[in-house]
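Written below as structure tokens is the structure these notes are about.
Values in this document were obtained by computation on a predicted structure and should not be read as measured data. For this chain, numbers begin at 1 and follow the sequence in order.
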Amino acid sequence: MPAPTPVSRLDLSTLRQAMQTIQAGQFTTPRTLLAPLVAEQNEQALILHAFCLCGEGDVDEAARILATTGLRHPDSLHPLQDLSNIMATLNQRPAAIAVCSAAARLAPADNRINTILGDLLVQTGQFAAAITTLTQATTQQPGNMHAHNLLSMAHTEQGTLDAALTHLTDCLPNAPEHVPTLANIGSVLAAQGQMAQAFAYYQQALALRPQDARIRVNHSVALLKAGQYAQGWKEHEWRFHLPGHAPLPMERLLPTLAPNTSLKNQRILLTHEEGLGDTLMFLRYVRPLAERGAILHLWVPEGLADLCRTMPGAHTVHVGSTPPAYDWHCPFISLPRVFAETSQPWGAPVPYLQANTTKVKALAPLVPCNGKLNVGLVWGGAPRPSVYTAHMVDRRRSMPLRTLAPLGQIRGINLISLQKGPYAEQMMDPPEGMALYDPTDSLHTMEDTAALIMALDVVVSVDTAVVHLAGALGKPVLLMDRYDNCWRWLHGREDSPWYPSLRIIRQTTPRHWQDVVARVAQVLASMAGTET
């Protein structure tokens, strides 16, 4: 192959344009754009050309180009890593898996390929294949700590947490100061509820890398899960330093309040930051802020706007990209830190949300009136497959509708779906014997859902925004919770200091829902008065 020619400014522009087009999920146009540079054997153009081939389904040629290029640069990041990242963002991981698999056959000694392939297999839920691939990678290269950690992640996602922990602690002597491994041991221990041991490993990691925002945030999550709120809320502010986090000016972030701090005539902008559940959870601080004289502007997604407009103390509610003028701003998730040293660390008491009375009357006829217990049901969250960590969390917290089949056998109850999003499609093929009312076509916003919930006797849900909504309304809630639960629900608790009407029914074995569903069925049968 002739030596590549120098890259001109025009060529760089072409390469950038091609990459942007590929990242947008278009593959034919950039191939045409790159053709002159590919003919000159420009290496970067060849790599992007291979990305296009992957997107178009030409697995073998894409693998040949990328495997060959990788072998020429054994000490660099393999080009398959960029391909993996792009196809993951486009939710086209199977195409990247096919190319990585073919490349691994062409270059079996290039251990980087197995590591990338194993990561993709974890992301797509192919845990057994991932464990096989990553075991091969770690055997071939025992010092590859990244592959060791990915292998532990595969075990964690599969639900074999003991195997994940054993693998990390066994490989740690190879690199006793490898910070990601120390932090990941802490994470697995926290998932198992071994909080003291988890903190010890986090402290080792932070002693070596105290400015690592990702580790600081993971440490804060463990602190919050253990109920160590004073330190946890402060530590959780490290999320502002994470890549891609673009907060408003930090010098105008609302400070922690003293017990008697006045906010009279101060304009405070409260901002939605992550999931809908987080905002619903911390709307409880609107009233305490207003009582201190603050003029509150709430900046929230469209689906929450109507509900927020009904809140006492909310001056204005904004939707869109342009915030109003303010003196201070504060993400909702930072409000517990703001009130941590006051007499209202938990915010306003439940219920701090009120349903729209007009909508309550309008939606009430959608709920059966037959003397049976009306049970709202949610079995899945938001998959978000292009967002890696969120997708993995959703895979752990959600379940198929068929898993809830035993609820359909309980006498004296009506099951009413509150499920929205992709999981709602499972209602087209419900479990045998399950009668499921579906009023969700009338639920367009959280205000609509709140109104319908008021006509129910109890809500049964996995860990979604509906749990927070029902809890904030003061309605009885049964939370079907995953083993490695979110910090919001604390460790080892069946109740919640955030929502007095909530009962937690948690997995006793990771990834196994059968016991949870059986206990939920017992509770519902008792509530319906049909215990046997």
Side-chain angles (χ1 to χ4, degrees), residues 199 202-203 206 210-211 213 216-242 245-274 277-300 308 311-318 323-353 468 471-472 487-490 496-500:
F199 293 139
Y202 275 123
Q203 290 303 324
L206 289 171
Q211 300 301 310
R216 298 294 294 255
V217 171
N218 288 341
H219 179 224
S220 77
V221 168
L223 289 166
L224 294 172
K225 184 174 179 178
Q228 298 185 29
Y229 290 118
Q231 183 183 359
W233 293 127
K234 292 177 182 177
E235 191 82 344
H236 202 56
E237 301 289 75
W238 275 88
R239 71 191 186 278
F240 295 130
H241 301 283
L242 290 173
H245 202 294
L248 296 167
M250 293 300 293
E251 64 272 14
R252 295 172 69 184
L253 178 67
L254 186 64
T256 300
L257 300 177
N260 298 315
T261 301
S262 172
L263 296 171
K264 187 175 181 180
N265 296 327
Q266 294 290 296
R267 298 168 301 173
I268 298 177
L269 177 64
L270 302 180
T271 59
H272 173 84
E273 185 178 356
E274 295 182 10
D278 295 318
T279 296
L280 289 166
M281 183 176 187
F282 298 126
L283 281 168
R284 67 184 66 230
Y285 293 98
V286 168
R287 189 189 307 170
L289 285 169
E291 289 171 349
R292 289 171 179 256
I295 301 170
L296 296 175
H297 305 286
L298 279 56
W299 196 12
V300 298
C308 290
M311 293 199 70
H315 186 266
T316 56
V317 175
H318 298 266
Y326 60 89
D327 298 302
W328 301 100
H329 71 85
C330 187
F332 281 98
I333 303 176
S334 289
L335 287 171
R337 184 267 304 160
V338 169
F339 277 86
E341 299 175 11
T342 73
S343 61
Q344 297 173 294
W346 302 99
V350 171
Y352 56 87
L353 292 181
H468 296 279
W487 62 265
R488 292 160 183 82
W489 313 122
L490 296 167
S496 169
W498 299 103
Y499 303 112

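For the pair Ala348 and Pro288, the tightest heavy-atom approach, listed with the atom from each and the gap, is N-CG, 3.8 Å. When all heavy atoms of Tyr229 and Pro497 are compared, the closest pair comes out as OH-CG, 4.5 Å. Residues His297 and Ala325 share a closest heavy-atom pair of CD2-O, 4.0 Å. Scanning all heavy atoms of the two residues, the minimum distance from Pro500 to Val350 falls at CD-CG2, 3.8 Å.
Between Gln211 and His241, the side chains place no donor N or O within less than 3.5 Å of an acceptor N or O (distance only, hydrogens not considered). Ser334 and Arg239 share a donor-acceptor pair across their side chains, judged by distance under 3.5 Å alone. Under 3.5 Å, the side chains of Tyr352 and Arg284 contain a donor-acceptor pair of N or O atoms.
We find the CD1-CZ distance between Ile268 and Arg252 to be 12.0 Å, quoted to the nearest 0.5 Å. Going from atom CH2 of Trp328 over to atom CG of Leu269 covers 13.5 Å, rounded to the nearest 0.5 Å. Here the CZ-NE2 distance, from Arg337 to His236, works out to 11.5 Å after rounding to the nearest 0.5 Å. Once rounded to the nearest 0.5 Å, the distance linking CG of Leu254 with CG of Leu335 reads 7.5 Å. The line from NZ of Lys234 to OG1 of Thr256 is 7.0 Å long, rounded to the nearest 0.5 Å.
Put simply, the side chain of Leu298 does not reach to within 4.5 Å of the side chain of His318, judged on heavy atoms. Side-chain contact between Phe332 and Val300 is present, with at least one heavy-atom pair separated by less than 4.5 Å. Counting heavy atoms from C-beta outward, Trp299 and His329 have side chains that stay 4.5 Å or more apart. In this structure, Thr271 and Cys330 have side chains that are not in contact, with every pair of non-hydrogen atoms separated by 4.5 Å or more. Using a 4.5 Å heavy-atom threshold, the side chains of Leu263 and Leu257 count as touching. Between Leu283 and Cys308, the closest side-chain pair of non-hydrogen atoms falls below 4.5 Å. In this structure the side chain of Arg488 reaches within 4.5 angstrom of the side chain of His468, judged on heavy atoms. Annotation: side chain of Pro331 is not in contact with side chain of Leu248 (no heavy-atom distance under 4.5 Å).
A donor-acceptor pair under 3.5 Å is formed between the side chain of Arg292 and the backbone N or O of Thr261. Judged by distance alone, the side chain of Asp278 and the main-chain N or O of Ile333 form no donor-acceptor pair under 3.5 Å. Between the side chain of His272 and the backbone N or O of Glu274 there is at least one donor-acceptor pair closer than 3.5 Å.
With Trp498 as the fixed residue, the ring-ring contact (aromatic ring centres under 6.0 Å, His included) test singles out one of Trp487, Trp489, Phe282: Phe282.
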Worksheet entry | Full working for side-chain contact (heavy atoms from CB on, under 4.5 Å) between Phe199 and Leu223 | CA-CA 8 Å; Phe199 293 139; Leu223 289 166; 3.6 Å; yes
Worksheet item: Should Asn218 and Tyr202 be marked as a side-chain contact (heavy atoms from CB on, under 4.5 Å) after you check the CA-CA gap, both sets of side-chain angles, and the distance that decides it?
Response: CA-CA 9 Å; Asn218 288 341; Tyr202 275 123; 3.6 Å; yes
Item to complete: Mind running side-chain contact (heavy atoms from CB on, under 4.5 Å) on Leu289 and Leu270 for me, showing each step along the way?
Response: CA-CA 10 Å; Leu289 285 169; Leu270 302 180; 3.9 Å; yes
Discussion item. Evaluate Tyr326 against Ile295 for side-chain contact (heavy atoms from CB on, under 4.5 Å), listing each step before the verdict.
Written reply: CA-CA 9 Å; Tyr326 60 89; Ile295 301 170; over 6 Å; no
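Using a 4.0 Å cut-off between a side-chain N of Lys or Arg and a carboxylate O of Asp or Glu, Arg216 and Glu237 do not qualify as a salt bridge.
Around the NE2 atom of His315, the shell of radius 6.0 Å holds no more than 12 heavy atoms that belong to other residues, nucleotides or ligands.
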